[in-house]
Number of protein chains: 2
Amino acid sequence: MSAAGIRQVAEHAGVSPGTVSNVLNRPEKVSPSTRARVEASIRELGFVRHGSASTLRAGHSTTIGLSVIDIGNPFFTDVTAGVEDVASDRGYAVILSNSAGSRSKEERNLLVLAEQRVRGVLITPSDDSPEPLDRLRERGIHVVLVDHPAHRPDQCSVAVNDVVGGQTAVAHLLSGGARDIAYVTGPLTMRQCLDRRAGAGRALRGRPLRVVEMPAMTPRAGQQAAEKLLSEGDLPDAVFCANDLLALGMLRGLMHAGVRVPDDVALIGYDDIDFAAASAVSLTSIRQPTYQLGRTAAELLLDECDNPGTHAHQQIMFQPELVVRESTR
Amino acid sequence: MSAAGIRQVAEHAGVSPGTVSNVLNRPEKVSPSTRARVEASIRELGFVRHGSASTLRAGHSTTIGLSVIDIGNPFFTDVTAGVEDVASDRGYAVILSNSAGSRSKEERNLLVLAEQRVRGVLITPSDDSPEPLDRLRERGIHVVLVDHPAHRPDQCSVAVNDVVGGQTAVAHLLSGGARDIAYVTGPLTMRQCLDRRAGAGRALRGRPLRVVEMPAMTPRAGQQAAEKLLSEGDLPDAVFCANDLLALGMLRGLMHAGVRVPDDVALIGYDDIDFAAASAVSLTSIRQPTYQLGRTAAELLLDECDNPGTHAHQQIMFQPELVVRESTR
DNA sequence: GGTCTCGATTGAAACGTTTTAGAAGCTTCT
DNA sequence: AGAAGCTTCTAAAACGTTTCAATCGAGACC
């Protein structure tokens, strides 16, 4: 039970606690010789600063929160990796929360983050309601939206243009000769799903789009959507899935029923996760700069935290990119 | 900047701060009527407990650390999901660290966790050295090993039998008629890789095993391993990959060169990640109870934290399971 | 009526840092 | 020689909780 505190270090080095604190936080304020002495004592006693005491007194922590919708989705894993890398470089710790698409779980998680007095929060909101985030901001917790454009100019956000993505996907299917197109999507309360549908509609210029809405965006849900389409008897020419997990499930479901992809039905996914290229029929998809999304969001947040004076809020919008593979050839 | 503290709540409810604290931490110690009054004040003022102050005074936090080797690997994502679910249920927050297989990054991350005064740490160590973990334990931080059997009886661990897994994998390849088998692995400093090789050796009973050691366990590395095998000219009958990411890369590499799987080369992976079933040739693999691994580890850790008196250290070992698919038929 | 016990509540002292005002020691300037 | 201005360091007061001994009332018992 070593209790090596700043006090013991001070005593060991023959200085006052305040000086040790200065060595830790403003090394330039202390003369080289005493600084060396203090640093030696720190090493010798194995001193580790007590983060909570520090946070309590200083009024702010060195921890940020990351709230994602589905940690099982490689899309969010990549985002997380980007966030982690930036935070770790700057000496911040990341608290990870998974809202699993549930609004109430998200609120509970945000409460925990508020209790921890995180410096800021990166969040992919599960819906559009601003109140929970406003409540954080009232508490002085900075918020940056991830994969969600900000509705207001006084906050940072990083997103990818989903309307363009949806439009690109469906335009590609149309150029391949498809006429009867189905859109398999997660809950239409999700902005991503809505925007991608809007893009699809734009590409269709008024022609109809079959919409199959599933409660989740997982391979399992994708397979169920396939079964649903099959049971209706009348298969579309092409299927646009709102993410690759749905698409992989759809692919499995179709193949299982003997439907050939792309010969009988063309298939396109979204996100271009690593596994899209390795599936039974390699998957055409819409690529997003995922890791970069996480990095950029974290950089924005930490800039907001560390330079509150000079920080300018930005709403960054990346552009998606079509990656053609076998499933639409 | 609402500063609603325990003090304001006390004043608002007409009690002392100590009573509010009791309502928060030992509700049974306070009479129903005052409890209701205090709870009303808490809601009305929007009070959120200051975690750092609480941690500082109480001497322990309500946060645990999770240190994994590769957050990009679905295996660890599933583990993380299990941990997250348990922790969140019990009101704990999870700080996620990714060591990316680097010992120095792991040590830096553990230092951050020590500073945060986490209650405990779940860790998949990147190597076998016990010192960093002992240092945590000296500080009163509980440690549970994940996917790594404990070498000592005074600590908890949760693992899956990798020797049996390796043996099962290679026995399956042998039973399919393979004689010349290659083992494609990550760094042999990793226990998992070593144990799986040992199991392979046991199944081979002295017959030789080609070992291809790659610096990482990613699809890219798998593809490079394929290129290496192809450039040597003399392909094995079967390839056993130390995880599914390597196997998916291997599959892609082989197919790219026109090698048929399983006709020319049989292929088996490890972990049975979701995507193994959906790949170009569905992948035979060794399934591990991944989510359960995370849940169990978290439960063990929180039991150790919350009931230090009655807690009995356990070394839990799950058994892996063969899942046969196209790649070895 | 006095003493005891018991439950509910209070008051004040921690917890380990950071921060601020200011003391102490030097150098430089007048 | 004294004032002024630095630099370097110290002492003590916070930060918002939890905890523990002490207090207060209200029944119960003799």
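All chains are named by letter (A, B, ...) in the order of the sequence lines, taking the proteins before the strands, and each is independently numbered beginning at 1. We use all heavy atoms of the structure for the numbers below, so side chains are in, but hydrogens, waters and symmetry mates are not.
- Atom-to-atom, NZ of B:Lys29 to P of C:dT10 comes out at 16 Å; the value is rounded to the nearest Å.
- Rounding to whole angstrom units, CG of residue A:Asn22 and P of C:dT17 are separated by 14 Å.
- Ionic pairing of A:Glu131 and A:Arg103 is present here: one or more N-O contacts between side-chain nitrogen and carboxylate oxygen are shorter than 4.0 angstrom.
- Using a 4.0 Å heavy-atom distance criterion, B:Ser31 is classed as a sugar-phosphate-only contact.
- Positionally, the nearest nucleotide of DNA chain C for A:Ser52 lies more toward the 5' end than for the other of A:Ser52 and A:His60.
- Counting non-hydrogen atoms under 4.0 angstrom, B:Gly18 reaches a base of the nucleic acid.
- Among C:dG16, C:dT9, C:dT18, the nucleotide with an atom closest to any side-chain atom of A:Arg49 is C:dT18.
- Rounding to whole angstrom units, CG of residue A:Leu24 and P of C:dT18 are separated by 6 Å.
- Rounded to an integer number of Å, the gap from B:Glu115 CD to C:dG16 P is 15 Å.
- Distances were taken from every side-chain heavy atom of B:Leu56 (C-beta onward) to each of D:dG16, D:dT18, D:dT10; the shortest belongs to D:dG16.
- Whole-Å rounding puts the A:Arg7 CZ to D:dA11 C1' distance at 10 Å.
- Regarding B:Phe47, its CZ atom lies at a distance of 11 Å from the P atom of D:dG16, rounded to whole Å.
- Crowding of A:Gln8 atom CD: a count of heavy atoms from other residues, nucleotides or ligands under 6.0 Å exceeding 12.
- Using a 4.0 Å heavy-atom criterion, one finds that A:Thr34 contacts the sugar-phosphate atoms exclusively.
- Between B:Arg57 atom CZ and D:dT18 atom P the separation is 10 Å, expressed in whole Å.
- Backbone-only contact: B:Arg26 has heavy atoms under 4.0 Å from sugar-phosphate atoms and none from a base.
- The residues A:Arg137 and A:Asp154 are annotated as not salt-bridged, no charged nitrogen and carboxylate oxygen being separated by less than 4.0 angstrom.
- If you check every strand for non-hydrogen atoms under 4.0 Å, A:Ser54 touches sugar and phosphate atoms only.
- A:Ser21 contributes no side-chain N or O that, together with a main-chain N or O of A:Pro17, makes up a donor-acceptor pair within less than 3.5 Å.
- Across the protein-nucleic acid pair, A:Arg117 atom CZ and D:dC15 atom P stand 14 Å apart, rounded to whole Å.
- Between B:Thr19 and B:His50, the residue anchored nearer the 5' end of DNA chain D, judged by the nucleotide with its closest heavy atom, is B:His50.
- Side chains of A:His311 and A:Asp303: a donor on one and an acceptor on the other come within 3.5 Å.
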